[in-house]
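For the single chain, residues carry numbers from 1 onward in sequence order.
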Amino acid sequence: MIVLDTRAGTARIGALRRAAPALLGYAAVRALGLVVLALWSQARGKDAYTLLTARWDALWYTRVAELGYGYEVRLPNGDVHSNLAFFPLLPWLERLVAAVSPLSYADGGFVVSLLASLAAAWGIFAVADHVYGPRAGVCAVLLWAVLPVGIVQSMAYSESLFTALAAWSLYAVLTGRWVTAGVLACLAGLTRPVGLAVVAAVWAAGAVSFVRDRSAPAPHGARTGPGALGGPETRRATAPDGARAFASAPAGGAGAPGVRLRRALGMLLAPLGAAGYVLWVGHRTGTGPLGYLDVQAGWRNGFDGGYAFARFVAEKFTAFPSVLAGLGLTLGVGLVVWLYVICVRRRQPLPLLVYAGVVTALALCASSYFGSKPRLLLPAFPLLLPLALALARLRTRRSALVVGAAAVASAVYGAFWLNGSGPP
């Protein structure tokens, strides 16, 4: 047992060392963004920390942490904004931080966001490294950091927490750790409505694995992976020279009873978080199992296949000043769709395709809060993998110049954005 614990500890240290360049680069980009935000806010007579922790969604999460559920705002037009629209994991963590420290709930949200953003960066690196190698992993993390709305990763919002849970759940699926994948998917489902994307990824991967077990059972003593799921179900070992090495998992085929049981358990656990909260909201409001949809309707939010968003974009082309915004939105949506098509053509592992597809569909096809769509797409990190591969092929100096320029642009845009309307 001591030998196993030592090996596990050594593997974790090796994994952290392998991810260190990505994490250090990510921390540097986020630090630059915060410094620029602080300087910009000071010049405008605003407090940067307040912008990060006490506006829009951050206020709603803080109220849930402090007062619980039941708070709502009735607008003059009859709309009802209820805090039941906000999933509970982030407020729970804010309350935990406040309980064990002198920090406030808002401070707790900021601390959770900072730690979760690092965990998300590590998870993104782990997924990209597993599929494409460490250089692509570093590039994927840096690209996620320099997104135009990257400042949200440092806000007391739930995007960083959700992305961390989603990335590590996907990594667990890719490496055959089904129970871990299910637990993390369950927690992701307690964080944001888009937790359904993680559940869909776990279920799709599990279903394909069960089908493969039936059609081509593994030979006794062999361990074959789910193919399209991203390679053999393996566990990682770290070679002494730091190079990638994969050690075979314990004896027993992928279709062995123990593996099938763990896979089924992971699939069973995955939807419990989202389903549990949605059913609780329906019970609390007395509107039945789909009561959460009524809560969202009070915010004028729903799923209409993208019709409302298409009308919103089309209206931008009716006058010259807004034409540029319309063109930008059109190009942005086109880029997202193009990246997803490339992911499909390059046969990205099935869980990543399902996850990114559901996140993208829910973001683009929501019927309200059009200005929030870049933020809602933030967790769709698999879309960045084709760009990460292209960046990884450049010489180090060129890739550093590209990332550096993008980091500066992201920091400036984030400071401008948050000192303006900010993310709704």
Quiz prompt | Within 6.0 angstrom of Trp338 CH2, more than 12 heavy atoms from elsewhere | solution = no
Exercise. Would you sort out whether Leu37 and Asn419 count as a side chain to side chain contact (heavy atoms under 4.5 Å, CB included), showing the intermediate values?
Key: CA-CA 8 Å; Leu37 174 65; Asn419 274 276; 3.7 Å; yes
Quiz item: Going by distance alone, is a donor N or O of one side chain under 3.5 Å from an acceptor N or O of the other, for Tyr340 and Thr360?
Solution: no
Exercise. Measure the CG-OG1 distance between Leu335 and Thr330 for me, rounded to the nearest 0.5 Å.
Key: 12.5 Å
Self-check item: Side-chain touch Val313/Phe317, heavy atoms, less than 4.5 angstrom
Solution: yes
Self-check item: Enclosure of Trp280 CH2 (heavy-atom neighbours >12, cutoff 6.0 Å)
Solution: yes
Quiz item: Does Tyr292 have its ring centroid less than 6.0 Å away from the ring centroid of Phe87?
Solution: yes
Quiz prompt | Side-chain heavy atoms of Val323 within contact of Leu327, under 4.5 Å | solution = yes
Quiz item: With a 4.5 Å limit on heavy-atom distance, are the side chains of Asp107 and Val97 in contact?
Solution: no
N/O donor to acceptor pairs below 3.5 angstrom from side-chain atoms of residues 391-400, sequence neighbours left out:
from, atom 1, to, atom 2, distance (Å)
Ser399, OG, Arg395, O, 3.3
Ser399, OG, Thr396, O, 2.9

Quiz item: With a 6.0 Å cut-off on ring centres, are Trp168 and Tyr171 close enough?
Solution: yes
Quiz item: Do Pro88 and Tyr69 have side chains that get closer than 4.5 Å, going by heavy atoms?
Solution: yes
Exercise. Indicate the ring-plane relationship of Tyr355 and Phe381, choosing parallel, tilted or perpendicular according to the 30° and 60° boundaries.
Key: tilted
Practice problem: Answer yes or no: does atom CD of Glu72 have more than 12 heavy-atom neighbours from other residues, nucleotides or ligands under 6.0 Å? | Solution: yes
Quiz prompt | Ser169 side-chain N/O to Leu165 backbone N/O, donor-acceptor pair under 3.5 Å | solution = no
Exercise. Measure the shortest side-chain to side-chain distance between Val80 and Leu75 over non-hydrogen atoms and say whether it is less than 4.5 angstrom.
Key: no
Quiz item: Does Arg192 pair with Asp57 as a salt bridge, N-O distance under 4.0 Å?
Solution: no
Exercise. May I ask you to check whether Tyr71 and Trp60 place their ring centres under 6.0 Å from each other?
Key: yes
Quiz item: Under 4.5 Å between any side-chain heavy atoms of Leu103 and Phe110, yes or no?
Solution: no
Quiz item: Considering only heavy atoms from C-beta outward, does the side chain of Cys343 approach that of Leu353 to under 4.5 Å?
Solution: yes
Self-check item: Residues forming a salt bridge (charged side-chain N to carboxylate O under 4.0 Å, His left out) with Asp79, sequence neighbours excluded
Solution: Arg300
Exercise. Go through the steps for Val29 and Ser410 under the test side chain to side chain contact (heavy atoms under 4.5 Å, CB included), then give the verdict.
Key: CA-CA 9 Å; Val29 172; Ser410 174; 5.8 Å; no
Quiz prompt | Flag side-chain contact, heavy atom, 4.5 Å: Ile124 against Thr163 | solution = yes
